[in-house]
*Asks:* 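The structure that follows is given in the form of structure tokens.
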Amino acid sequence: MLKLTTTRSITRLSQLYNVPAATYKLKGSASLSNVRFYSPPAAGVKLDDNFSLETHTDIQAAAKAQASARASASGTTPDAVVASGSTAMSHAYQENTGFGTRPIYLDMQATTPTDPRVLDTILKFYTGLYGNPHSNTHSYGWETNTAVENARAHVAKMINADPKEIIFTSGATESNNMVLKGVPRFYKKTKKHLITTRTEHKCVLEAARAMMKEGFEVTFLNVNDQGLIDLKELEAAIRPDTCLVSVMAVNNEIGVIQPIKEIGALCRKNKIYFHTDAAQAYGKIPMDVNEMNIDLLSISSHKIYGPKGIGAIYVRRRPRVRIEPLLSGGGQERGLRSGTLAPPLVAGFGEAARLMKKEFDNDQAHIKRLSDKLVNGLLSAEHTTLNGSPDHRYPGCINVSFAYVEGESLLMALRDIALSSGSACTSASLEPSYVLHALGKDDALAHSSIRFGIGRFSTEEEVDYVVKAVADRVKFLRELSPLWEMVQEGIDLNSIKWSGH
Ligand SMILES: Cc1ncc(COP(=O)(O)O)c(C=O)c1O
């Protein structure tokens, strides 16, 4: 049984969830103003079915409860943690941050909460198992080396690769840079052209632009209004000197899935390397490097409930793919990525990959069910649209435009939910998302878009809360909007000539 603490009072809880305060049973002699807890339990669920609450008079006691939660997490927590929601997850593994009640976490494409089983794996490597995995003269090195190779096998298995084809990196940014720069540099004498798309992650786009400065030509493919590339356009872009096609599998802003198998077949037919950025796809949609003719594939551990600062690149061995490495050094990782590996991160990543495979069906069913509920709930409001293809999509990434509401204002009004807008924030300005622009959305609609991410630890109660909160606050903000008032009066906004435009 997990011991949970709360930062909201039971009274507040009962108001929020419309449940009589008595439903929340407390253990011991808790005074209501002094109760701390991690997550709102489901309305009507008796708290002590899964949890017990404790009072804490000081932070030390809270830390003690967290330590005991962590201890009980090792063997049996998954069910209890799942039941308590992703917000509880994040609370259960951190000390008091001073930020008070934390929002419901729905920013799964930015990063995912670390699975408690992953954390347990990691901790061993910060205590007893500290050897350098490249030391081969004593058991300290052998132990961590074995752990690294086990992790490699788990990472490979998810995509039907050979473990020898997995190279550990610091994350998908590095993996993408390695490919977008390393392949053209290796073939620079004969090949001068690369192909990618306009909706890739910035690290692919910027790496491609860096290659233009080195004298390479890049074709940036367009996408249609659903966010999908046109295979005929891709075929037409291929040249005799094309060395690489790089198309992401799942888009990080709109969740759209590109036709990876068809692109792979086209590239194989034309003897061109095919790379896919699978940072948002690995473990979340079925991917098989052989069936899909993928030669290079980028992975990020922190998108699959693993630690941050670690990822991998799959590099095909037969037919062999050649890359010029970014780093010079000791020649680790088949000479492609020099530097001492970090066993805590590698082992945590391996465990996260193992769990993605083991729980694939459960995760899929859970995420699809919650996603359908969220999409139906959000779209029941008028002038609300789902961005990107409704059919070719990963259900855990939902991007919605709320017309006549400014996305940033909506985010501010939804501070009890951790979300991100479809806009890319730069320090000086708020630019509308280039991905939504590529789909043909105008500035106003791109500015009114929000991304919702569902993950393994999301709960139905969180989704119910979000649907209601969004509907209420969209209504509230629209009531303040003069444009909305005009729409309500039946005025066609397109017929208006705005001065200064
Ligand atoms: C599609 C995509 N590619 C690459 C990255 C970069 O991954 P990492 O944080 O592991 O460098 C991300 C992360 O936001 C992503 O969503």
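By convention here, the first residue in the shown sequence is residue 1. Counting convention: from 1, in listed order, for ligands and their atoms alike.
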*Asks:* Is the NZ atom of K373 crowded by more than 12 outside heavy atoms at less than 6.0 Å?
*Replies:* yes
*Asks:* Assess the pair F457 and Y105: is the distance between their ring centroids shorter than 6.0 Å?
*Replies:* no
*Asks:* Just need the protein heavy atom nearest to atom 10 (O) of ligand 1, so name the residue and atom and give the distance.
*Replies:* S300 OG, 2.7 Å
*Asks:* At a 4.0 Å threshold, what atoms of ligand 1 neighbour a non-hydrogen atom of T173?
*Replies:* 6 (C), 7 (O), 8 (P), 11 (O)
*Asks:* When you measure from atom 7 (O) of ligand 1 to every protein heavy atom, which one gives the shortest distance, and what is it?
*Replies:* A172 CB, 3.3 Å
*Asks:* Nearest to atom 1 (C) of ligand 1, what protein heavy atom do you find, and at what distance?
*Replies:* D277 OD2, 3.4 Å
*Asks:* Counting only heavy atoms not in Y140 (residues, nucleotides, ligands), do more than 12 fall under 6.0 Å from its OH?
*Replies:* no
*Asks:* Give the atoms of ligand 1, by number and element, whose distance to some non-hydrogen atom of M248 is under 4.0 Å.
*Replies:* 1 (C)
*Asks:* What atoms in ligand 1 come closer than 4.0 Å to a heavy atom of H302?
*Replies:* 8 (P), 9 (O), 10 (O)
*Asks:* Dump the intermediate steps for side-chain contact (heavy atoms from CB on, under 4.5 Å) on N176 and K202, then the final yes or no.
*Replies:* CA-CA 10 Å; N176 288 340; K202 280 266 173 177; over 6 Å; no
*Asks:* Number the atoms of ligand 1 from 1 as they appear, then name those within less than 4.0 Å of a heavy atom of Q280, with their elements.
*Replies:* 1 (C), 15 (C), 16 (O)
*Asks:* Suppose we measure from atom 15 (C) of ligand 1 to each protein heavy atom; which comes out shortest, and what is that distance?
*Replies:* H201 CD2, 3.3 Å
*Asks:* Closer than 4.0 Å to some heavy atom of K303 - which atoms of ligand 1 meet that?
*Replies:* 12 (C), 13 (C), 14 (O)
*Asks:* Return the set of residues passing salt bridge (charged side-chain N to carboxylate O under 4.0 Å, His left out) with K269 (not counting sequence neighbours), or none when no residue passes.
*Replies:* E235
*Asks:* Output the list of atoms in ligand 1 that are nearer than 4.0 Å to some heavy atom of G171, sorted by atom number.
*Replies:* 10 (O)
*Asks:* Mind checking whether L205 and R198 have side chains closer than 4.5 Å, heavy atoms only?
*Replies:* no
*Asks:* Does the ring of F220 carry R209 above it, NZ/CZ under 6.0 angstrom from centre and within 45° of its axis?
*Replies:* yes
